[in-house]
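Everything numeric here is computed off the predicted structure, so don't read it as measured data. In listed order, ligands and their atoms are each counted from 1.
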Amino acid sequence: MKPVGKPGRTGELMPVEVALARLLALAEAAPIRDTETLPLAACEGRVLAQDLVSTLDLPPWPNSAMDGYALHLADWTGEPLPVSQRIFAGQAPEALARGTCARIFTGAPVPAGADCVEMQENAQVQADGRVVFTQSLRVQQNIRPQGQETTVGEVVLAAGTRLGPIEQGLAASLGCATLEVIRRVHVAVLSTGDELIEPGQPLGPGQIYNSNRVLLCSWLTRLGCEVLDAGILPDDLPTTRQRLVELGDVDLILSTGGVSVGEADFLGIALREEGELALWKLAIKPGKPLTCGHYRGVPVIGLPGNPASTLVTFALLARPYLLRRQGVQAVEPLTFQVPAGFVWAKPGNRREYLRGRLEQGRAVIYKNQSSGVLRSAAWAEGLVEVREGSTLAQGDEVGFIPLSEVLG
Ligand code: AMP
Ligand code: MG
């Protein structure tokens with residue numbers, strides 16, 4: 001296990017890029033290499049373990065892009081051509097008899113000897129059944145050539161590609177019924193805090209409902225992880241120790257809460273007794289405190305407990321880490337530059353990820369950006385990135401990370 005790095009000096013904040021680079025380096029030092037072979041339909045959200053190499057030309061044979069007529073262009077002199085065969089998709093045509101054309105439909109194989117397809121809208125069928133073409137014709141027009149999309153031996157999807165509906169469809173088009181994928185990442189999710197109770201129970205004095213647990217468990221499931229829901233850890237040391245031992249063998253311990261500076265940090269104490277844990281103060285808002293380390297060799301990431309902080313740090317740091325453990329290269333979400341539809345007068349020393357939306361192409365932000373307000377994210381369509389040290393006037397460019405980018 002690589003050292004996780006020392007916390008910055010007091011007052012010194014770690015830039016988001018540095019935190020991400022460190023987490024990705026840790027992920028690369030602990031790659032998950034075990035694989036399993038799954039039916040194609042079960043591969044959604046999983047990561048391809050081997051390059052997918054085409055064993056086919058796609059399309060396997062030249063086929064028609066139109067409903068119309070196939071002909072040998074040199075046979076077209078202006079004299080009507082008789083129709084010698086009809087070719088539907090799924091049929092194997094005979095070679096085209098010289099001096100004739102073939103009625104052909106979209107997706108049907110172009111017969112040997114034909115080098116042109118004219119769409120039916122530009123063809124006139126005479127009373128005697130022969131066909132004339134009303135427009136000028138070009139060789140290969142409306143023919144999708146063999147191997148247009150893929151040829152045998154080409155890498156169509158590289159190892160490390162995340163699989164979704166499009167990749168599943170592509171693999172199906174190549175005839176793959178199964179794919180070899182990286183096994184699921186096993187993640188133990190821990191919520192911490194004496195104030196937490198689970199929904200469905202009456203709320204006692206001083207208590208709040210645990211929202212991070214379900215938020216993280218469903219998000220992790222979407223990411224293809226296997227979630228070990230380890231429930232709520234009370235703020236006491238012996239129980240915390242005991243519950244950690246019970247976690248057993250997982251790939252990551254992901255906790256929320258208990259990392260605010262000055263708090264009695266029982267999880268941190270228990271983790272450090274059997275491992276290593278660094279507290280990073282990130283130049284990010286919401287979400288300043290983040291812990292990172294290992295417990296008995298199992299990697300640990302501790303996210304801050306405020307729900308909006310949990311969301312932002314998971315999206316920007318934990319999610320890329322989990323993907324990189326599976327060998328995914330493109331782990332950072334797409335960020336679009338959009339004009340701000342709001343004013344930002346006070347430059348901060350942390351990068352802000354405001355919960356916002358696009359309205360008429362401009363980023364607008366939720367009225368309450370407190371890190372405790374998860375409703376801001378439910379209202380939002382994305383995270384609006386305001387760089388540290390910057391102010392914004394209406395129309396200035398800001399980064400916009402669609403939540404749909406990071407939620408899956
Ligand atoms: P902490 O980091 O434990 O000091 O928590 C920071 C804030 O987040 C406190 O207001 C906690 O009550 C709140 N919090 C911590 N964990 C959760 C959770 N699982 N669900 C909802 N709120 C939480
Ligand atoms: Mg707490």
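- Put simply, no part of Gly193 is less than 4.0 Å from ligand 1, judged by heavy atoms.
- Using modelled atom types, one side-chain atom of Asn212 and one backbone atom of Gly305 make a donor-acceptor pair closer than 3.5 Å.
- Ion pair Glu274/Arg296 flagged as a salt bridge, since at least one NZ, NE, NH1 or NH2 atom sits closer than 4.0 Å to an Asp/Glu carboxylate oxygen.
- Applying the ring-ring contact (aromatic ring centres under 6.0 Å, His included) rule to Phe342 yields no partners; only residues at least two apart in sequence or on another chain are considered.
- Where the criterion is an N or O separation shorter than 3.5 Å, residue side chain and backbone included, Arg213 fails it with respect to ligand 1.
- The Asn210 neighbourhood of ligand 1 comprises atoms 18 (C), 19 (N), 20 (N), with distances under 4.0 Å to a heavy atom of that residue.
- Ligand 1 lies less than 4.0 angstrom from a heavy atom belonging to Gly258.
- Annotation for Thr35 and Ala49: closest pair CG2-CB, 3.4 Å, computed over non-hydrogen atoms.
- For Glu195, a nitrogen or oxygen atom sits less than 3.5 Å from a nitrogen or oxygen atom of ligand 1, counting backbone and side chain alike.
- When atom types are taken as modelled, the side chain of Asn306 and the backbone of Ser309 share no donor-acceptor pair closer than 3.5 angstrom.
- Listed by number with element, the atoms of ligand 1 under 4.0 angstrom from any heavy atom of Gly257 are 1 (P), 2 (O), 3 (O).
- More than 12 heavy-atom neighbours from other residues, nucleotides or ligands sit within 6.0 angstrom of CD on Gln207.
- If you number the atoms of ligand 1 from 1 as listed, the ones under 4.0 Å from a heavy atom of Tyr209 come out as 20 (N), 21 (C).
- Contacts of Ile208 with ligand 1, taken as heavy-atom pairs under 4.0 Å, involve the side chain alone.
- For atom 21 (C) of ligand 1, the nearest non-hydrogen atom from the set Ser371, Gly372, Ala308, Ser211 comes from Ser211.
- Using a 4.5 Å cut-off on side-chain heavy atoms (C-beta onward), Leu267 and Leu244 make contact.
- Only the side chain of Leu196 comes within contact range of ligand 1, with a heavy atom under 4.0 Å; no backbone atom does.
- The option from Asn212, Leu215, Thr256, Leu216 that lies nearest to atom 18 (C) of ligand 1, judged by heavy atoms, is Asn212.
- Residues Phe400 and Phe336 keep their aromatic ring centres 6.0 Å or farther apart.
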